[in-house]
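Report on one structure; see the data block that follows.
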Amino acid sequence: MSIDQGNTTRRGVLKGAAAALALAGAARAALPSGAFAQGAGPEVKGAKLGFIALTDAAPLFVAKEKGIFAKYGLPETEVLKQASWGTTRDNLVLGSEGNGIDGAHILTPMPYLISAGRVTQNNVPVPMYIMARLNLNGQCISIAKEHIDHKIGLDTKPFKAVLEAKKASGKAVKAAMTFPGGTHDLWIRYWLAAGGIDPDKDIETIVVPPPQMVANMKVGTMDCFCVCEPWNEQLIHQGIGYTAITTGELWKDHPEKAFAMRAAWVDKYPNAAKALLMAVMEAQQWCDKPENRDEMAAIVAKRQWINVPVADVVNRMKGKFDYGTGRVVENSPHIMKFWADNASYPYQSHDLWFLTEDIRWGKFDAATDTKALIGKVNREDLWREAAKALGVSAIPTSTSRGVETLFDGKVFDPENPAAYLNSLGIKKVA
């Protein structure tokens with residue numbers, strides 16, 4: 001059993017979740033994007049938002065610390081630390097009425113997995129909305145110090161030989177990620193598979209919550225892991241491992257975390273949802289200004305947020321990447337982005353890539369109607385409404401960022417995801 005599998009939900013609350021799915025659909029039809037009346041105040045004074053101790057949750061920390069939630073009429077908004085992504089899922093299922101949470105900083109595929117009942121107790125769907133993307137780039141794949149002489153990077157073909165030799169000696173080989181079907185799972189799978197390593201057969205994939213990655217690497221639990229900062233840089237500072245790649249090298253300016261809410265909460269409190277979204281977006285704008293990066297690093301390092309030394313955060317926040325192998329990149333093009341280059345906009349084409357990869361690895365059925373699922377979960381219409389209210393001048397008009405090319409030359413065309421799967425040797429039924 002993985003560390004994450006110990007998290008359970010309260011059965012009583014789940015009994016009504018199936019009915020909630022139908023109700024949310026009806027409410028969605030009755031509350032189009034125009035339901036966010038200009039000038040109307042929030043119906044409530046706050047919401048309960050979850051986060052994992054990762055630097056890409058910075059917009060939530062900043063919105064709370066700098067009074068931005070209060071500015072938009074939501075002074076009672078709570079930003080609550082979650083122990084793992086499994087805990088985040090469970091608390092979203094419960095909702096604040098059940099002593100859980102209303103929304104979260106979350107792995108982008110998770111609102112889909114939760115909405116479809118793929119990762120909930122008894123497979124009960126709990127409708128979710130993606131309100132915004134929180135960031136682009138900023139994750140890393142790290143490798144244990146025992147493999148430092150090999151200096152594994154983008155090309156995992158040499159790593160395959162290393163792992164095979166270790167297995168031949170009778171030792172286990174393991175790769176850690178943070179949630180099955182989540183972004184970290186998909187990045188490390190893509191990276192391994194591109195070098196001929198089957199993540200389901202050639203290496204054991206395990207689930208470890210982000211804050212526990214370094215401790216587990218220290219005691220030899222895994223050979224490699226994928227997670228956001230500050231845990232990759234902390235690994236180097238503690239002399240336990242090194243960075244193989246930052247995930248922007250796999251796919252430049254790739255989408256990462258999302259800001260998601262329970263659909264029932266958004267439908268019940270549309271003005272509060274708009275105010276919440278505007279606050280998060282304003283915080284994203286603040287986070288992306290270079291002159292704010294030192295202050296942002298100091299904020300996220302605080303005890304109530306990530307609880308690490310600022311030194312474990314600040315360099316990569318500012319674009320300096322020391323890989324721990326002698327390779328140091330200044331002003332990296334793969335710096336985490338919160339607002340620049342439409343980082344906040346929840347492109348439907350990006351969600352489709354995640355769903356397509358989750359089909360590839362069996363987290364969704366091949367016959368999944370991805371278009372219909374995205375239509376229920378992705379609320380880029382609400383993002384545009386909030387952006388207009390904020391006076392954002394350049395609002396994307398397309399739900400697609402267009403054709404994307406990954407590091408190994410594979411092309412993802414959102415108009416033809418089946419061709420992408422076929423290029424990977426996977427056939428999509430529908």
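Below, each value reflects all heavy atoms present in this structure, side chains not excepted, and no hydrogens, waters or symmetry copies.
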Without hydrogens or angle criteria, can the side chains of [X] and [Y] be said to hold a donor-acceptor pair below 3.5 Å?
X	Y	value
W231	Q212	no
Q238	E233	no
Y190	D408	yes

Between [X] and [Y], which heavy-atom pair has the shortest distance, and what is it?
X	Y	value
A244	I143	CB-CD1, 3.7 Å
A57	I52	CB-O, 4.0 Å
T120	V124	OG1-O, 2.6 Å
I188	C224	CD1-SG, 4.0 Å
A104	L92	CB-CD1, 4.3 Å
I335	G319	CD1-N, 3.6 Å

Item to check | Test log, rule salt bridge (charged side-chain N to carboxylate O under 4.0 Å, His left out), inputs K337 and D288 | outcome: CA-CA 6 Å; K337 297 177 181 179; D288 229 27; over 6 Å; no
Is the number of heavy atoms from other residues, nucleotides or ligands under 6.0 Å of [X] [atom1] greater than 12?
X	atom1	value
K410	NZ	yes
K218	NZ	no
K302	NZ	yes

Treating [X] as the side-chain partner and [Y] as the backbone partner, does any N or O pair qualify as donor plus acceptor under 3.5 Å?
X	Y	answer
Q82	L80	yes
D413	Y420	no
S96	N99	no

Checklist entry - After noting the C-alpha distance and the side-chain angles of R262 and D102, does the key distance pass the salt bridge (charged side-chain N to carboxylate O under 4.0 Å, His left out) rule? => result CA-CA 6 Å; R262 284 172 53 92; D102 303 304; 5.4 Å; no
Checklist entry - When the ring planes of Y347 and H350 are compared, do they come out parallel, tilted or perpendicular, using 30° and 60° as the limits? => result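 Ring orientation of Y347 relative to H350: perpendicular.
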Checklist entry - Taking the six-membered ring for Trp, are Y345 and W383 parallel (under 30°), tilted (30 to 60°) or perpendicular (over 60°)? => result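 Rings of Y345 and W383: perpendicular, over 60°.
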Checklist entry - Would you say K320 and V329 make side-chain contact, with heavy atoms under 4.5 Å? => result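 K320 vs V329: side chains apart.
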Item to check | Pair W251-H334, ring-ring contact (aromatic ring centres under 6.0 Å, His included): steps then yes or no | outcome: CA-CA 9 Å; W251 173 6; H334 307 301; over 10 Å; no
Item to check | Sole residue of T370, L373, T356 in side chain to side chain contact (heavy atoms under 4.5 Å, CB included) with F364 | outcome: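 Among T370, L373, T356, the one that satisfies the side chain to side chain contact (heavy atoms under 4.5 Å, CB included) with F364 is L373.
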Item to check | Rounded distance (nearest 0.5 Å) linking atom CD of E357 with atom CG of L186 | outcome: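 It comes to 6.0 Å.
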Charged N to carboxylate O below 4.0 Å: is that the case for [X] and [Y]?
X	Y	value
K71	E282	yes
R118	D358	no
R401	D253	no
D56	K257	yes
K371	D351	no
E97	K48	no

Checklist entry - Passes salt bridge (charged side-chain N to carboxylate O under 4.0 Å, His left out), K318 versus D294? Steps please. => result CA-CA 8 Å; K318 297 171 72 173; D294 281 306; 3.2 Å; yes
Next on the checklist: With ring-ring contact (aromatic ring centres under 6.0 Å, His included) as the test, pick out the partner of W187 among F407, W361, W353, F225.
Outcome noted: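 It is W353; the other options fail the test.
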Item to check | Stepwise side chain to side chain contact (heavy atoms under 4.5 Å, CB included) check, F159 with L192 | outcome: CA-CA 9 Å; F159 197 36; L192 291 168; 4.3 Å; yes
Checklist entry - Do we get R327 above Y242's six-membered ring, with its NZ or CZ under 6.0 Å from the centre and within 45° of the axis? => result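 No; the conditions do not both hold, so R327 does not lie above the ring face of Y242.
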Checklist entry - Cation over ring, R316 on F321, under 6.0 Å and within 45°? => result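 No.
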Next on the checklist: Under the criterion salt bridge (charged side-chain N to carboxylate O under 4.0 Å, His left out), I'd like the reasoning laid out for E295 against K66: C-alpha separation, chi angles, the key distance, then a yes or no.
Outcome noted: CA-CA 11 Å; E295 183 180 354; K66 300 189 83 65; 2.8 Å; yes
